[in-house]
Amino acid sequence: MSSRIWLLQFCLLQFYVSLLHAIPPPPVQCYGNGCTVDNYQGLWMDHIPCKAANVVYPTTEEELVKAMAEAVKCKQKMKVVSKWSHTLSKFVCPGGDDGLLISTRDYSTAMSVNQSAMTITANAGVQLRTLIDYAADFGLALPYTTYWDGVSVTGVVSTGAHGSGLWNKGSALHEYITAMRLAVPSTEEEGYVRIVSLTDVDEDLDAARVSLGVLGVILQVTFALHPMFKRSVSLEARADNLLEEDVLSFAQAHDFGDITWYPSIRKALYRLDDLVSVDSPGDGINKYQGFQGIPVAQIEQARRGEEFLEKTRNAATACKISEMLLNKRVSDGNGFLNDGSSFTGFPVVGFNHLMQASGGCQDSYSYSTKQHILTPTGVQSQSSCASQKDGIDEVLPDSAFCYWDPRINSSIFYQTAIAVSLSNISELILDIKKIRDIDPNGLCGLGLYGGIMLRYMKKSRAFLGINEDVVDIDFTYFRSRDANSPRLNGDVMEEIEQMLMQKYDGHPHWAKNRDSVFYDGVAARRCNNLEKFLQVKRRFDPDELFSSEWSDVVLGLNKFEGDLRSDFKFGNKCALGGLCICFEDRHCDPDRGYFCRPGKIYKDARVCRFEESSSVASW
Ligand SMILES: Cc1cc2nc3c(=O)[nH]c(=O)nc-3n(C[C@H](O)[C@H](O)[C@H](O)COP(=O)(O)OP(=O)(O)OC[C@H]3O[C@@H](n4cnc5c(N)ncnc54)[C@H](O)[C@@H]3O)c2cc1C
Ligand SMILES: *[C@@H]1O[C@H](CO)[C@@H](O)[C@H](O)[C@H]1NC(C)=O
Ligand SMILES: *[C@@H]1O[C@H](CO)[C@@H](O)[C@H](O)[C@H]1NC(C)=O
Ligand SMILES: *[C@@H]1O[C@H](CO)[C@@H](O)[C@H](O)[C@H]1NC(C)=O
């Protein structure tokens, strides 16, 4: 197959279409004898289904408290799961196999804005997109959000999710929480459930800001808002030779900027993203293509292309495709539309809530039609990429899906997201450059998923928050659907992952990452105040009904036997699936040519490296 064909297929992924959307599948499925809960990719890291005895879909606080009280009474384990379960590791799994799942899918979506206090209060059923649109109706803005708007408000804060920038209180949503209402387990005398109302003056709020779901059920959350403003966004591709210097000055120069780095093609895409006055002209929106619904045939074709590159170990083609995608991001606006329907050039200026987060594939959401907000037209037709091809112009008949939808042969991927101190970021970039220089094509695969994203976060006040100003290093890459299956240049990815965690004392994102980075509570111990968090946990949930085997590992409360750092899950080939860090060849796959070797630059790393049987080990 010529690489040109693969180029075209990746092109297609970028092609806007306006079709009926297939809403993502519900994460909870129940059969005669119980239920299972999945993440949004439909596959847990360890490939072991997560089981529960039953699920409830309360619509009101009363219903929720009633169901929870029954569970507390029988000491049943429980967890809250949001509508779509966007967290990759098993935080939503209740302990054991017969816990209770409390879904917020049908829960009240009531919201209220206090205009004089400039706050918004939302019930646990509210999705991020609805929240920021509602605040906008009152001329108010939540300064920072995640880039994807398909998440639930309580799920986002529980996992410490964020955007990028050092302005204001920083880019994490939980920094803006001013009050919270929770349901926590209690005694029989109190009816088994106690409602806790926390405000800014309660120290317990700093435990509840980022709680990983282990403190109880968040019923309601209040955020501080800012008067509405606009953002001005430009994308610029530059050579990466000064990246290690730029990364520091860029943080100071831009309120919301980020950088996506393509090490193997030696370029970086700078998103210059700044606050501008609400009176600035511009009705721009961000309709990021990757989050739009895409016809199933196009998603599957792209996946087949990616699998082919993996199988044929063709990193060079991945680099060619990445370069084309990068250029296209700048030339077609990467989803930024100046007037809501077309891209005519940077900067794109628009209201904060229409520029910071985007989505589309998750529902039939259409942008608000309120007067101060622009209404985009439905269909995007032009695409420089698509117009190059001939013969495959047909619009496919089926619905559009999110590109990760597990019901089709979709994309499935790992995500590594680990934040390191601003004071170490330059050295880290130099280390990654050294790794790149040893194996120039080793990081090509990252470009297929948009490169390494660098995003800024400020020191947090949450107990499980980050204790310094950091840059979050976030990259996505191929994952096989088969358990413990290798990926092209996986050793390079593992070396960077271990370097971030071990050499640079990184802070992993709670909702992303492979299981091996959470070993032994190391991430939790690096937070502001794990001890205080655990004290609040013991007070709120003394019987540990909201805890599970997984959350205990993450919080350092449950050690598997042996040396967790190297043997998280003991099995053969465990390192290939991100379940352990190898120390013996059997943790890789020697029969297929994968051996446990030290990193090339970071020698303390232990990675699974492919070595052709004919070649002599060179490490
Ligand atoms: C396409 C995509 C893009 C993303 N982009 C970003 C990004 O830009 N920045 C970023 O930081 N993250 C990002 N993420 C990660 C995402 O923000 C997190 O996965 C999110 O925080 C989880 O949201 P969820 O609403 O699906 O919650 P779930 O995964 O369902 O829940 C997360 C945790 O919160 C707990 N929980 C949820 N609701 C409650 C409640 N009411 N009470 C108690 N506990 C609760 C659950 O038990 C679980 O432990 C992205 C994810 C995807 C899939
Ligand atoms: C709104 O906030 C103000 C200032 O904090 C407070 O005095 C007032 O009671 C609030 N209003 C409502 C309806 O809660
Ligand atoms: C995915 O592809 C395989 C093999 O190509 C096929 O057997 C299977 O039915 C496909 N699955 C879906 C959900 O389309
Ligand atoms: C990170 O920065 C701190 C503070 O400057 C320094 O002490 C430490 O050695 C650095 N770590 C690495 C791995 O460079």
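Remember, predicted model here, so these are calculated numbers, not experimental data. Order of appearance sets the numbers: ligands from 1, and atoms from 1 within every ligand.
- At least one heavy atom of S423 lies less than 4.0 angstrom from ligand 4.
- In summary, K503 and D431 engage in a salt bridge, as defined by a charged side-chain N under 4.0 Å from a carboxylate O.
- Ranking the protein heavy atoms by distance from atom 3 (C) of ligand 1 puts W148 CB, 3.1 Å first.
- In the vicinity of A511, heavy-atom distances shorter than 4.0 Å reach the ligand 1 atoms 18 (C), 19 (O).
- For the side chain to side chain contact (heavy atoms under 4.5 Å, CB included) test, residues two or more places apart in sequence or in another chain that qualify with R105 are Y57, K83, S103.
- Here D273 pairs with R231, V233, F256, R271 under the side chain to side chain contact (heavy atoms under 4.5 Å, CB included) rule; sequence neighbours left out.
- Near L212, meaning under 4.0 Å from one of its heavy atoms, ligand 1 places the atoms 49 (O).
- Only side-chain heavy atoms of R455 come within less than 4.0 Å of ligand 1; its backbone N, CA, C and O stay farther off.
- The shortest N or O to N or O distance between K503 and ligand 4 is not below 3.5 Å.
- Atoms of ligand 1 lying under 4.0 Å from at least one heavy atom of F91, given by number and element, are 49 (O).
- In I218, the parts holding a heavy atom less than 4.0 Å from any atom of ligand 1 are both the side chain and the backbone.
- Residue K66 places its NZ atom among 12 or fewer non-hydrogen atoms of other residues, nucleotides or ligands, all under 6.0 Å distant.
- Within 4.0 Å of ligand 2, the residues that place a heavy atom are N114, S116, A117, listed by chain and number.
- Near T154, the atoms of ligand 1 lying under 4.0 angstrom from a non-hydrogen atom of the residue are 38 (N), 39 (C), 40 (C), 41 (N).
- Shown here is K459, whose NZ atom has more than 12 heavy atoms of other residues, nucleotides or ligands within 6.0 Å.
- Atom 33 (C) of ligand 1 has its nearest heavy-atom neighbour, among T159, V217, L101, V157, in T159.
- The residue K83 has no part lying near ligand 1, judged by heavy-atom distances below 4.0 Å.
- At a 3.5 angstrom cut-off on N or O pairs, Y504 does not count as close to ligand 4.
- The nearest non-hydrogen atom to atom 22 (C) of ligand 1, considering only T87, T104, L182, comes from T87.
- At least one heavy atom of K512 sits closer than 4.0 Å to an atom of ligand 1.
- Under a 4.0 Å criterion applied to the non-hydrogen atoms of W404, ligand 1 contributes the atoms 1 (C).
- Residue nearest to atom 43 (C) of ligand 1, selected from S211, G155, G216, S158: G216 (by heavy-atom distance).
- Counting only heavy atoms of the protein, atom 46 (C) of ligand 1 lies nearest to V80 O, 3.1 Å.
- Residues passing the disulfide (SG to SG under 2.5 Å) test with C527, sequence neighbours excluded: none.
- Ring geometry for Y477 versus Y414: interplanar angle of 30 to 60°, hence tilted.
- A cation-pi arrangement is present between R455 and Y147 under the rule of less than 6.0 angstrom and at most 45 degrees off the ring axis.
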